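Fair warning: this is a prediction, and the values are worked out from it, not measured in the lab. Note that ligands are numbered from 1 as they come in the structure, with each ligand's atoms numbered from 1 the same way.
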Amino acid sequence: MAPITTLLLSIFAASVSASIQNPSMSPAPPMGFNNWARFMCNLNETLFVKTADAMVSKGLLAAGYNHINLDDCWMLHNRSSKGELQWDPTLFPHGLPWLADYVHAKGFKLGIYENAGNMTCGGYPGSQDHEEQDAATFESWGIDYLKLDGCNMDLQNGRSYYEEFKYRYSKWHSILSTLKRPMTFSESAPAYFSPNFHLDANNTDWYRTMAWVRQTGELARHSDDIKVYSTLPNGTFESGGHWDSMMNNYGMQVRLARYQKCGFYNDPDFLIPDWLDLSLDEKRTHFALWAGFSAPLIISAYIPDLTDSEIEYLTNKDIIAVDQDALCEQATLVSQDGHFDVLTKNLANGDRLVMVLNRGNQTNNTVIPLERLGLDSGERYKAKDLWSGSSTTIRRGVVEISHLKSHATAILRISGAGRKGEKLAVTPTGMIFNTFSLNCLAASPASHHRSPISFVTFAACNAADAQIWRTLSNGRILSLNDDGLCLAAKEEKVIVTACSHDVTEAKRQQWSYGINGNLVNKEKELCLQEAEKGAAVLTKCGIELDSQVFGLPGGVTVREEL
Ligand SMILES: *[C@@H]1O[C@H](CO)[C@@H](O)[C@H](O)[C@H]1NC(C)=O
Ligand SMILES: *[C@@H]1O[C@H](CO)[C@@H](O)[C@H](O)[C@H]1NC(C)=O
Ligand SMILES: *[C@@H]1O[C@H](CO)[C@@H](O)[C@H](O)[C@H]1NC(C)=O
Ligand SMILES: *[C@@H]1O[C@H](CO)[C@@H](O)[C@H](O)[C@H]1NC(C)=O
Ligand SMILES: *[C@@H]1O[C@H](CO)[C@@H](O)[C@H](O)[C@H]1NC(C)=O
Ligand SMILES: *[C@@H]1O[C@H](CO)[C@@H](O)[C@H](O)[C@H]1NC(C)=O
Ligand SMILES: *[C@@H]1O[C@H](CO)[C@@H](O)[C@H](O)[C@H]1NC(C)=O
């Protein structure tokens with residue numbers, strides 16, 4: 001253990017060019033192209049040249065998509081006699097330095113793929129124990145971005161699987177930090193500890209990995225790959241599963257909002273605009289949600305054949321501005337009931353973003369009170385529909401979403417109706433949910449209203465007021481139910497009760513939230529825990545326990561220390 005700790009400390013002390021230590025490495029999430037989901041190992045120079053040309057002619061580069069990234073299978077199966085990685089000269093007849101020059105001349109950056117273990121997922125040479133040499137090779141070729149996968153990890157020096165990942169990615173981080181050429185570091189490590197990867201495992205190592213990749217790179221590929229474009233033996237597109245795959249990655253992303261910060265982005269994988277079994281509404285939903293997350297917008301598609309309607313949504317300036325917003329916030333859930341997901345986030349100019357996803361199978365309507373969006377029902381606001389570009393005044397204190405089609409997403413930018421440039425006063429408001437069980441913290445039903453206190457439980461999320469919480473900067477957490485009772489400790493139980501000004505009482509009503517996802521009560525420094533049968537209790541804080549890690553509304557203060 002000791003040598004690892006020492007190594008990491010020295011790495012952190014020396015490093016200058018990564019992630020949250022240096023947000024200027026990647027002040028906004030990257031946008032661009034990657035071949036994997038669409039072409040997998042069928043990549044070659046012609047594809048990248050045509051892609052770059054089409055990204056220029058179709059306006060994608062001008063819209064901000066300025067990365068061209070290679071994925072696996074670009075290399076030869078053997079290293080050179082000097083031990084260097086070699087591109088496959090059949091696939092890349094002019095070589096990768098030539099390709100780098102070609103795309104650089106057009107204004108793109110070039111990204112490459114390698115693997116932290118000893119073989120890539122596709123069976124090509126991995127970088128394990130060749131890290132310095134491979135970094136130098138990439139630098140000499142003019143590479144700007146490295147996606148480092150995690151297949152075939154050889155466990156060395158008694159390290160566990162988890163420790164080997166931490167060791168290898170940290171080693172890459174320290175090497176990249178010494179290069180003259182800045183290289184964006186996309187880390188796939190968390191995906192190897194994600195709930196879907198290890199079905200029998202708990203989430204502890206996933207969370208722990210998310211915490212350290214945040215110190216060692218710019219991007220966290222945190223869960224499954226988006227389901228690839230595959231064809232049947234007769235060459236026709238294999239339909240099915242792509243919407244579910246996108247929703248799966250969305251469902252992983254919402255659990256990790258607390259980690260995101262300018263310079264470091266959660267990455268739910270590629271946009272897939274030319275998949276034949278996704279409707280235009282579904283593709284637009286994919287784009288809008290990813291933008292609301294300030295996630296990387298990396299397109300995997302055959303760019304030359306993208307249609308005008310696909311290019312139109314991919315280049316929507318207002319939605320790209322949301323993705324690239326200077327606050328880098330990931331939108332978080334206000335509510336979720338199986339029909340609608342409502343998400344919000346703050347924007348740098350003081351506006352508030354609202355997204356409403358219709359997960360149902362039919363066109364539907366919904367009405368969202370302004371309090372749920374962290375706004376004041378007595379104030380005047382206007383809302384800009386970022387799809388149509390039209391603005392309307394918000395009336396009667398509610399945002400009305402009408403005729404939202406199945407699997408479509410409404411995306412609105414809310415600003416003050418008064419003075420221009422006015423920053424909205426926002427109270428972070430929304431679900432508090434266990435990111436393992438996905439159950440929501442719920443105040444007791446209103447039938448208990450006359451009792452002075454009510455207990456709090458965990459229950460399936462249903463978008464009721466009792467499951468929506470306002471988080472104040474003084475550490476108070478108020479239910480939207482019952483005229484705003486405060487979440488409080490009572491012995492080892494958690495209750496909602498009248499908010500108090502008494503000093504001792506106040507500590508029982510104060511909570512702090514950490515990067516580890518723990519919600520800690522100030523009075524006894526105990527952690528909120530989802531216990532048996534949905535009971536909400538207070539217990540000693542453990543290390544990233546499934547029962548103690550929660551997602552809170554975005555904008556709440558997050559303690560950095562673990
Ligand atoms: C290059 O790759 C594309 C996409 O897989 C393929 O359609 C094309 O035939 C390949 N071209 C060459 C010259 O290999
Ligand atoms: C690659 O290297 C292995 C041994 O490391 C050797 O057996 C094999 O022939 C080499 N393949 C090629 C194509 O050079
Ligand atoms: C990679 O590591 C695995 C697991 O330890 C080992 O079995 C294999 O021989 C190694 N392969 C190479 C090419 O080093
Ligand atoms: C969860 O995973 C961690 C890390 O692998 C392990 O230490 C812990 O025992 C596991 N907890 C349970 C309850 O299985
Ligand atoms: C290709 O195969 C699938 C599945 O067998 C079949 O449904 C489809 O009609 C075939 N398409 C063509 C063009 O032959
Ligand atoms: C939509 O339809 C699918 C497939 O028929 C079903 O599994 C799902 O539960 C439905 N969703 C809703 C919200 O009704
Ligand atoms: C519309 O959504 C509501 C929940 O907000 C749900 O109760 C209702 O069944 C949905 N209607 C349709 C037609 O899906």
What I want to find out is whether K106 reaches D53 closely enough, with some N-O distance under 4.0 Å, to be called a salt bridge.
yes
Assess whether a salt bridge exists between E560 and R214, defined as any Lys/Arg side-chain N lying under 4.0 Å from an Asp/Glu carboxylate O.
yes
Looking at G111, is its backbone amide N or carbonyl O close enough to the side chain of N69 to form a donor-acceptor pair, meaning the two atoms are under 3.5 Å apart?
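Judged by distance alone, yes, a pair lies under 3.5 Å.
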Which is it for N42 and ligand 1 at heavy atoms under 4.0 Å: side chain, backbone, both or neither?
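Within the 4.0 Å criterion, N42 contacts ligand 1 through backbone and side-chain atoms alike.
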[atom] - nearest protein heavy atom and its distance:
atom	result
atom 9 (O) of ligand 7	H339 CE1, 3.7 Å
atom 12 (C) of ligand 1	N44 ND2, 3.3 Å
atom 10 (C) of ligand 4	N202 ND2, 2.4 Å

side-chain contact (heavy atoms from CB on, under 4.5 Å) partner of L404, the single match among D281, V356, T363, L357
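With L404 as partner, D281, V356, T363, L357 yield a single side-chain contact (heavy atoms from CB on, under 4.5 Å), made by V356.
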For N364, take its heavy atoms, then give the atoms of ligand 7 lying under 4.0 Å from any of them.
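Near N364, meaning under 4.0 Å from one of its heavy atoms, ligand 7 has 1 (C), 2 (O), 3 (C), 8 (C), 10 (C), 11 (N), 12 (C), 14 (O).
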Could you tell me which atoms of ligand 7, counted from 1 in the order shown, lie closer than 4.0 angstrom to a heavy atom of F340?
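Ligand 7 atoms under the 4.0 Å threshold to F340: 2 (O), 5 (O).
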Check whether any N or O atom of T46, backbone or side chain, sits under 3.5 Å from an N or O atom of ligand 1, and answer yes or no.
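No.
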Donor + acceptor pair across side chains of E530, N434 (<3.5 Å)
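Yes - a donor-acceptor pair under 3.5 Å links their side chains.
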With distance as the sole criterion, is a donor-acceptor pair present between the side chains of Y161 and D205 under 3.5 Å?
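No, because no side-chain N or O of Y161 sits under 3.5 Å from a partner of the opposite role on D205.
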If you measure from each heavy atom of D337 to ligand 7, is any distance below 4.0 Å?
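Yes.
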D205 neighbourhood, listing ligand 4 atoms whose heavy-atom distance to it stays under 4.0 Å
4 (C), 5 (O)
Mark whether atom 5 (O) of ligand 4 lies under 4.0 angstrom from at least one protein heavy atom.
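Yes, there is a protein heavy atom closer to it than 4.0 Å.
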Counting only non-hydrogen atoms of the protein, does one fall under 4.0 Å from atom 14 (O) of ligand 4?
yes
Going by the angle between their ring planes, with limits at 30° and 60°, are W141 and W87 parallel, tilted or perpendicular?
perpendicular
Could an N or O of ligand 7 be found under 3.5 Å from any N or O of N365, whether backbone or side chain?
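N/O-N/O distance under 3.5 Å: no.
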For K109, look at atom NZ and say whether over 12 heavy atoms of other residues, nucleotides or ligands are found less than 6.0 Å away.
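No, not enclosed.
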